[in-house]
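Note sheet for the following structure.
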Amino acid sequence: MEKVILNVEGMSCNHCVNAVNKAVSALAGVTAVDVNLEAKKVTVEYAADKVTVADIKAAIEDQGYDVV
Ligand SMILES: [Cu+2]
């Protein structure tokens, strides 16, 4: 299991947290998601043979947030 911590800009409320959480959780291979609104960080545990960091970034960006 791999773990990545992404810095995400644009999240401003719990709606954003839920949107990011839901989008990333929906990816096959993702086993855990933690969104920290104050720190602007999204921590994701994933199976590297099933999903890539690029996939995770794309899922977040699809929701309208920027991964920096
Ligand atoms: Cu929001």
Side-chain angles (χ1 to χ4, degrees):
M1 200 63 60
E2 303 290 320
K3 188 176 186 178
V4 65
I5 301 174
L6 301 168
N7 294 299
V8 179
E9 292 288 344
M11 299 188 296
S12 57
C13 69
N14 276 326
H15 170 82
C16 303
V17 171
N18 289 336
V20 169
N21 208 322
K22 199 171 168 187
V24 177
S25 296
L27 296 170
V30 169
T31 54
V33 184
D34 180 70
V35 182
N36 186 321
L37 183 60
E38 271 183 29
K40 301 180 181 175
K41 287 186 192 308
V42 178
T43 305
V44 185
E45 286 182 21
Y46 63 101
D49 57 338
K50 293 193 180 129
V51 66
T52 65
V53 173
D55 295 330
I56 296 166
K57 284 182 181 174
I60 294 171
E61 287 171 349
D62 278 352
Q63 297 299 312
Y65 308 105
D66 291 323
V67 181
V68 295

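Just so you know, these numbers come straight off a predicted model, no measurement behind them.
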Could you report the tightest heavy-atom contact between [X] and [Y], atom names first, then the distance?
X	Y	result
Gly29	Lys50	CA-CB, 3.8 Å
Ala59	Ala23	O-CB, 4.0 Å
Cys16	Gly10	SG-O, 4.3 Å

*Taking the side chain as every heavy atom from C-beta outward, state whether Val30 and Asp55 have any atom pair closer than 4.5 Å.*
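Heavy-atom side-chain distance check fails, nothing below 4.5 Å.
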*asked:* Counting C-beta onward and ignoring hydrogens, is there a side-chain heavy-atom pair between Asn36 and Thr43 closer than 4.5 Å?
replied: no
[atom2] on [Y] to [atom1] on [X], rounded to 0.5 Å:
X	Y	atom1	atom2	value
Lys57	Asp62	NZ	CG	14.0 Å
Leu6	Lys41	CG	NZ	9.5 Å
Tyr65	Glu9	OH	CD	12.5 Å
Asn21	Gln63	CG	CD	11.0 Å
Asp66	Met11	CG	CE	11.0 Å

_For Val17, all residues meeting side chain to side chain contact (heavy atoms under 4.5 Å, CB included), sequence neighbours excluded_ =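 Listed in chain order: Asn14, Val35, Leu37.
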_Once side chain to side chain contact (heavy atoms under 4.5 Å, CB included) is applied, do any residues pair with Ala32, and if so which ones, sequence neighbours excluded?_
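With neighbours one apart ignored, the set is Glu45.
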*Are Ile60 and Val53 grouped together when hydrophobic residues (ILVMFWY) are joined by side-chain heavy atoms under 4.5 angstrom apart?*
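Hydrophobic grouping puts Ile60 with Val53.
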*For the hydrophobic clusters of this structure (ILVMFWY residues joined by side-chain heavy atoms under 4.5 Å, transitively), does one cluster hold both Val8 and Val4?*
yes
